[in-house]
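Chain letters run A, B, ... following the sequence lines, proteins first and then strands; every chain starts at 1.
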Protein chains: 2
Amino acid sequence: MSIESNLLKKERQNVTFSVEELTNVWDGGKEDTEIRRKVVKVFGDDPVLKSPPICTMTREERYTEATRKCVYIFRNMLQKNGIYPGSKEFEHFWNAMPIEYTLLIHMGAFIPCIMSFGSEEQVAKWLPLSANLNIICTYAQTELGHGSFLRGLETEATFDRETQEFVINCPKVSSMKWWPGDMGLNANHALVMANLIVGGKKYGMHPFMVQIRDLSTHMPLPGVTVGDIGSKMGFEAIDNGFLYMKNVRIPRENLLNKNSEVKPDGTYVKKASDRLMYGSMVNLRVNLPKSQAIDVLAKACTIAIRYSAVRRQGLLNPGGAEVAVLDYTLQQHKLIPQLATVYATKFAGEGIIKKHQAFLQNMAKGNISDLAEIHALSASFKASVSEQCTEGVEVCRRACGGHGYSQASGLPHLLSKVTPTCTYEGENTVLYLQTARYLVKCAKEKAADLPESILFLVQPIQNARGNITSLDNLALYFKNRAALCVQAASKKVNQMSNKGLAMHEAWDKSSVQLVHATKAYVIQYIFDAFASFVKEVKCSKSVKEILEDLCCLYGLHYINNCSGDFLKLGILTAHHCNIAEEAEIALLEKLRPNAVGIVDAFDFTDSSMESCLGAYDGNVYERLFDMAKLSPLNKEPVHQASYKYLRPYLLEGRDILEGAKSKL
Amino acid sequence: MSIESNLLKKERQNVTFSVEELTNVWDGGKEDTEIRRKVVKVFGDDPVLKSPPICTMTREERYTEATRKCVYIFRNMLQKNGIYPGSKEFEHFWNAMPIEYTLLIHMGAFIPCIMSFGSEEQVAKWLPLSANLNIICTYAQTELGHGSFLRGLETEATFDRETQEFVINCPKVSSMKWWPGDMGLNANHALVMANLIVGGKKYGMHPFMVQIRDLSTHMPLPGVTVGDIGSKMGFEAIDNGFLYMKNVRIPRENLLNKNSEVKPDGTYVKKASDRLMYGSMVNLRVNLPKSQAIDVLAKACTIAIRYSAVRRQGLLNPGGAEVAVLDYTLQQHKLIPQLATVYATKFAGEGIIKKHQAFLQNMAKGNISDLAEIHALSASFKASVSEQCTEGVEVCRRACGGHGYSQASGLPHLLSKVTPTCTYEGENTVLYLQTARYLVKCAKEKAADLPESILFLVQPIQNARGNITSLDNLALYFKNRAALCVQAASKKVNQMSNKGLAMHEAWDKSSVQLVHATKAYVIQYIFDAFASFVKEVKCSKSVKEILEDLCCLYGLHYINNCSGDFLKLGILTAHHCNIAEEAEIALLEKLRPNAVGIVDAFDFTDSSMESCLGAYDGNVYERLFDMAKLSPLNKEPVHQASYKYLRPYLLEGRDILEGAKSKL
Ligand SMILES: Cc1cc2nc3c(=O)[nH]c(=O)nc-3n(C[C@H](O)[C@H](O)[C@H](O)COP(=O)(O)OP(=O)(O)OC[C@H]3O[C@@H](n4cnc5c(N)ncnc54)[C@H](O)[C@@H]3O)c2cc1C
Ligand SMILES: Cc1cc2nc3c(=O)[nH]c(=O)nc-3n(C[C@H](O)[C@H](O)[C@H](O)COP(=O)(O)OP(=O)(O)OC[C@H]3O[C@@H](n4cnc5c(N)ncnc54)[C@H](O)[C@@H]3O)c2cc1C
């Protein structure tokens, strides 16, 4: 056994709590752990799902492998193994998916959309076809020229009464659809969001089913220019595409008409409120943070903490032996707060998912009174979590020194996966501003008119008492800060508009403060939700202590990094800040011996990370060497490029050196 | 002309200063601008240096193209065009290099090293060979198991008196050389840092010339296992390598013996102090920030600001037309402070380069009294600048929304280039700690014993007077903060050791504060140096005003983001903070109309950025579309993977849909 494996083994012997129990808490219960493991095993054992490591493949190979595997999974594996929508198993199968996949937008965005936008008849037609991969359909919203501002989208669908068709056109280069996943190569249909035009009148964005490739030859249909948008920072297996449509004709029935319809004579009929459509957009956003950001940071923590426990570099004690870098306070200060972030955001996120489920039940009964609250909360939560996790993954990556820059570490892949969560499903700045509007509005209301989650905004500021680092007091600091920040930003907007600025200018000139206040609001929510969870969770004392320590660390680390607000607003004094700093260092020291246990509890399989640094056995150096040997540049012992371009000059060198020798 | 091109044209018409004059200031004078442009033109015009865009190539193609071009440049172009070391042209040629290159370590690390470590005779032998590419040599220091901690390196060079040879061995897998650039495929020699062992006694790290590949066949020599370490987050064209040596024998003369020597009888002779070797390590670090970090951020700013001036997304005024995103205060708040960072770090860096040149002149006379100062300054400067620039590039990338995630934007490439500057040439945390030792030491000295740059540490704190946002006052706040932070951290170390902790434990437990204090020290240096430059530079009033505004913005943005320290230490009050916030927003508004002019002044060519978003003409959408068409995945109108894996099911879909139709 290598020295490194031995070191990890010792770490595991020193853990002071039951890793299995923490895994159950993480999964939501013992039964969930079992189901997850069962699904993960089905995937892990299947030889069809084996591929070379992604860091040894070209983009084209990655796309090909991912498509091969996903067709197999969606067409053959799920049913065979009883993994169908609605089952517990289904909730876990994204966890078990190969590292890279395609058909994500088809399965994860198009199918939910057809169910939201389609009439019963339309759903009956398209849903079975798409579930069986008889058609592949993308969700085509974003255009080359517009993403965030939906009203700016330019693609048009003009009703031709004569032929009872819609004619789809992208008037300019900037109007072509751009970015949708699966669209470039795999999709033969697109759910296109386009401006409906009937009799010269514009009716705004509507969803249309547009066939874009022939079902036998897979060739693009006439009027359709479609392809892959090219290489990206990540998601390289996915064929995000462009789609340029010129006079593409589709039957009238292809307007998805659950919410609005065009009658044969051109009459436009609105059947349901746009706000309902809005409600279903929230759906994706609520579920994104866990799988696309929090789990990603959890993997990065697993890699960085296991590696730091075996990476020996330098001396703590000048006379002593080399230490694992995890023994340096500075390394703990980088990594352990990231663990706290994983836990805080995961359990706060579950609160939002529950709220959203309640909202959906109400919506089914026609009651959408909670829409504003759930929208504001989920928008700012998605924005904040994506930023925290992106920052955290990069911290983990750098904390692995040079090897963190190797694809073999798995960390660059995680970074390129998490960072676009700041951009897609609503660009973060735009989301913060939307929440800010809600907060400023709430700040003006009476307590009786507000939902509970936001009440603190209008209630009198409470003072903390007793131990300043208790969870209750930390929660109070965050609440007080959020309330004061929102009030200050609202006041600023008013002041500027009172000074004579137009409202939109006053808003813009206050926008830096508005976003800042919104961030304060959502951090307050996250801390509070995590602290409540920790209080209520049923588990052993030792696991509870871990959770309490992580919660406290989350709060203290945040305060120590952003003490400005707390001091400026009179919530904390310089003395408090000094105590908070020392308390954080003390917590790092306390959590250090359990760090490996805490990441083990995430229970990620080696194959879900493809990381030479983060594998369970700690055999980092052998793994790196083995992976390097697979580099395509090592196929031949002499690469043709060096032979071709360098050799003429090297031969000169040989002659000079041999000449020198023979002169001796 | 596209709407976007027109928008950029208008931006340029509104600029209030002479862009050419600012370019001259940036370059260091009119003459420097001319020389730089001449060199850039020579490279730009040469048809041999044309390649496909890097985002359309596989790693193997990128390595091949880069090697082809670099052999041509170093062997044919430089001499032919009078670009030789020591000339002004030579200083600019890195600016003109293709986006990707190999042979960087050979030219930029090995050649300087042979000159530092080799005797006159050795330099005479190896320098011409390497300058003519008759040999390719890497600088092999880092090992799989060790980077930061040099004393931990494990490769051994054992003197065999019998044969008058050194026998080179990597005792373990973790001892193989790992990471050195050019080593995997191109190098046939390696300057290997290894533990010298003579007669069983260890003498520590010494530099050895080791041949690793045959000069005619380019095959690895016996005992040598060498290859590419595999795919990385960036620098994909470079063959960073592994090198595993088993009983590789080299002649005694191959110990580079300027500083120490092994005589034929095995006597070890030390000729010069190790501190001299240290002095030459500083060299690389002093020159790295400009080319590898600051210029990279400058390019990212160019791309993001030009794009933001033409990207129209949403409304400022609900009744008005769509605006360019650069008109949003929030977008300005992201991007314009990055411009300030570019200027601040560039001119502060020139101060360090000058100090270093003076140091080298003194060193040549045997005086190395400034070594500690220049080392502390350059180490923390490299660390801070690499972090600021990495953060800035990611801010620029995200500020471009979805397109910033496309390789076609050029931004992911810049990010992957800048982020490892936090790791190589000294891992940042390790560098901060080294500087911290110097600062803690200085804080105990008498003023008379300290160099000027650090005097403020031990002098009484001065109070600011008058306009709190003046450059003088801002400089004072930074100085006061740095002095108080260093004093507090020193005090903490003492307190802990007084409490009974061993010195190394006290140091470790205070290390978070020590690093924090070091960051405060170097920001203080950067601000002060930039402010002094701005005061002294000879230029027109309008250009001076731009520089003053950028300097003020740099200070205010920093303070507004880290107000905690300033409040906690009693340097600023809450009232000051509010003024600073408003002053920053006002500066953003003031600088906004000149933003495009300021990035134009960097004078980057389109081909040096390969960015569809950042090209001079602003034709962003056509460029993105043209680039996408070059994606290798679009070679055929139907990709074989979708045809192969999806088609069976699509044919079912065709039959179902046609069956449905025929039933109508
Ligand atoms: C990996 C990835 C996958 C994607 N997949 C899909 C997909 O499957 N389907 C699909 O339709 N789309 C997809 N997209 C596109 C994505 O939805 C958009 O990129 C996203 O909505 C952001 O919009 P944008 O690119 O237009 O950014 P922009 O809105 O142009 O943002 C540019 C800058 O302007 C700022 N800005 C914009 N509006 C305002 C405002 N009102 N106030 C202040 N600042 C503002 C932003 O903050 C940002 O800094 C994908 C994108 C990525 C990166
Ligand atoms: C792109 C790239 C190119 C490179 N090119 C070359 C090359 O050409 N030649 C060459 O020889 N090498 C090269 N390297 C290797 C590089 O020099 C090392 O990666 C670098 O020195 C960092 O060392 P490390 O990887 O051992 O990190 P480590 O020191 O192992 O760092 C891991 C973690 O431990 C922490 N840590 C380490 N020591 C301490 C301490 N005393 N106190 C507190 N924390 C500590 C670090 O802060 C970090 O968080 C390259 C690396 C990269 C990424």
| request: To the nearest 0.5 angstrom, please state how far the CD atom of E658(B) sits from the CG atom of L215(A). | output: 8.0 Å
| task | Examine whether an atom of L514(B) lies under 4.5 Å from a heavy atom of chain A, and if so say whether it belongs to the side chain, the backbone or both; otherwise answer neither. | result | neither
| remark: Honestly, the part of D239(B) sitting under 4.5 Å from a heavy atom of chain A is neither
| CD1 on I229(A) to CE on M627(B), rounded to 0.5 Å | 12.5 Å
| Roughly how far, to the nearest 0.5 Å, is the CD atom of E60(A) from the OG1 atom of T58(B)? | 10.0 Å
| query | How far does CH2 of W507(A) sit from CG of N317(B), to the nearest 0.5 angstrom? | reply | 15.0 Å
| task | Can you tell which part of I656(B) gets under 4.5 Å to a heavy atom of chain A, answering side chain, backbone, both or neither? | result | side chain
| said: Is N186(A) in contact with chain B via its backbone, its side chain, both, or neither, using a 4.5 Å heavy-atom distance? | reply: both
| said: With a 4.5 angstrom heavy-atom cut-off, is it the side chain or the backbone of H218(B) that approaches chain A, or both, or neither? | reply: both
| Would you call the rings of H403(B) and W179(A) parallel, tilted or perpendicular, where under 30° means parallel and over 60° means perpendicular? | parallel
| side chain to side chain contact (heavy atoms under 4.5 Å, CB included) between V620(B) and L144(A), worked out | CA-CA 10 Å; V620(B) 295; L144(A) 191 43; over 6 Å; no
| Side-chain heavy atoms of R654(A) within contact of D214(B), under 4.5 Å | no
| Just wondering, do Q313(B) and V430(A) contact through their side chains at under 4.5 Å, heavy atoms? | no
| Under 4.5 Å from a heavy atom of chain B, the part of F242(A) involved | side chain
| said: If I measure from the heavy atoms of chain A, does L630(B) come under 4.5 Å with its side chain, its backbone, both, or neither? | reply: neither
| task | Please examine the side chains of K334(B) and T429(A), heavy atoms only from C-beta on, and report whether any two atoms are closer than 4.5 Å. | result | yes
| field | Interchain contact, M503(A) with chain B, by part (heavy-atom threshold 4.5 Å) | value | neither
| task | Kindly say whether S416(A) contributes a backbone atom to a donor-acceptor pair with the side chain of Y405(B) at under 3.5 angstrom? | result | yes
| query | Under 4.5 Å between any side-chain heavy atoms of E505(B) and L316(A), yes or no? | reply | no
| Is the shortest side-chain N to carboxylate O distance from E322(B) to R151(A) below 4.0 Å? | no
| query | With a 4.5 angstrom heavy-atom cut-off, which part of R312(A) approaches chain B: side chain, backbone, both or neither? | reply | backbone
| said: Please classify the contact of L433(A) with chain B as side chain, backbone, both or neither, using a heavy-atom distance under 4.5 Å. | reply: side chain
| note | Shortest non-hydrogen pair, K568(A) vs C577(B), comes out as CD-CB, 3.6 Å
| Using the benzene-type ring in the case of Trp, are the ring centres of Y244(B) and F625(A) under 6.0 Å apart? | yes
| query | Do you know which two heavy atoms are closest between K232(B) and Q407(A), and how far apart they sit? | reply | O-NE2, 3.1 Å
| note | Honestly, the part of S510(B) sitting under 4.5 Å from a heavy atom of chain A is neither
| said: Please classify the contact of I585(A) with chain B as side chain, backbone, both or neither, using a heavy-atom distance under 4.5 Å. | reply: side chain
| message | Need one label for V71(A): side chain, backbone, both or neither, based on atoms under 4.5 Å from any heavy atom in chain B. | response | side chain
| Spacing of F566(B) atom CZ and S563(A) atom OG [to the nearest 0.5 Å] | 11.0 Å
| query | Hey, does H333(B) have a side-chain heavy atom less than 4.5 Å from the side chain of V515(A)? | reply | no
| task | Could you tell me whether K509(B) and E589(A) make a salt bridge, using a distance below 4.0 angstrom between a side-chain N and a carboxylate O? | result | yes
| What distance separates T64(B) OG1 from K644(A) NZ, expressed to the nearest 0.5 Å? | 9.0 Å
| query | Which atoms of K125(B) come close to chain A, meaning under 4.5 Å heavy atom to heavy atom: side chain ones, backbone ones, both, or neither? | reply | side chain
| Heavy-atom distance under 4.5 Å to chain A: side chain of P637(B), backbone, both or neither? | both
| note | Okay, R647(B) and chain A: the region with an atom under 4.5 Å from a heavy atom over there is side chain
| query | Is it the side chain or the backbone of L569(A) that comes within 4.5 Å of chain B heavy atoms, both, or neither? | reply | neither
| message | Can you tell me which portion of L129(A) sits under 4.5 Å from chain B's heavy atoms? Options are side chain, backbone, both or neither. | response | side chain
| query | Is there a side-chain contact between C70(B) and Y645(A) (heavy atoms, below 4.5 Å)? | reply | no
| query | Side chain, backbone, both or neither: which part of E427(B) has an atom under 4.5 Å from a heavy atom of chain A? | reply | side chain
| query | Using non-hydrogen atoms only, which part of V226(A) is less than 4.5 Å away from chain B: side chain, backbone, both, or neither? | reply | neither
| From CA spacing to verdict: side chain to side chain contact (heavy atoms under 4.5 Å, CB included), F149(B), L315(A) | CA-CA 9 Å; F149(B) 185 60; L315(A) 313 171; 3.7 Å; yes
| task | Counting only heavy atoms closer than 4.5 Å, note whether E581(B) contacts chain A via side chain, backbone, both or neither. | result | side chain
| Closest heavy-atom pair and its distance - Y63(A), H639(B) | CE2-ND1, 3.4 Å
| message | Counting only non-hydrogen atoms closer than 4.5 Å, does E4(B) touch chain A with its backbone (N, CA, C, O), its side chain (CB onward), both, or neither? | response | neither
| query | Checking heavy atoms, do the side chain of Q513(A), its backbone, both or neither come under 4.5 Å from chain B? | reply | side chain
| task | Might you work through the side chain to side chain contact (heavy atoms under 4.5 Å, CB included) test for T56(B) and S231(A), ending with a clear yes or no? | result | CA-CA 7 Å; T56(B) 65; S231(A) 179; over 6 Å; no
| Shortest non-hydrogen contact from D228(A) toward S631(B) | OD2-OG, 2.7 Å
| query | What part of L415(A) is in contact with chain B, defined as an atom under 4.5 angstrom from a non-hydrogen atom: side chain, backbone, both or neither? | reply | side chain
| remark: Okay, D327(A) and chain B: the region with an atom under 4.5 Å from a heavy atom over there is backbone
| query | Got N634(A) and L185(B) here, is their nearest side-chain heavy-atom distance under 4.5 Å? | reply | yes
| Per-residue contact mode, K635(B) against chain A (heavy atom under 4.5 angstrom) | side chain
| query | Taking all atoms of both residues into account, what is the closest heavy-atom pair of R311(A) and G147(B), and its distance? | reply | NH2-N, 3.8 Å
| Which bit of N188(A) comes within less than 4.5 Å of chain B, counting heavy atoms only: side chain, backbone, both or neither? | side chain
| With a 4.5 angstrom heavy-atom cut-off, which part of T423(B) approaches chain A: side chain, backbone, both or neither? | side chain
| request: Determine, for E622(A) against K172(B), whether the closest basic-nitrogen to carboxylate-oxygen distance falls under 4.0 angstrom. | output: no
| request: Tell me, with the steps shown, if W178(B) and L624(A) meet side chain to side chain contact (heavy atoms under 4.5 Å, CB included). | output: CA-CA 10 Å; W178(B) 196 277; L624(A) 282 169; 4.0 Å; yes
| field | Contact summary for G653(A) and N134(B), nearest pair of heavy atoms | value | CA-CB, 3.4 Å
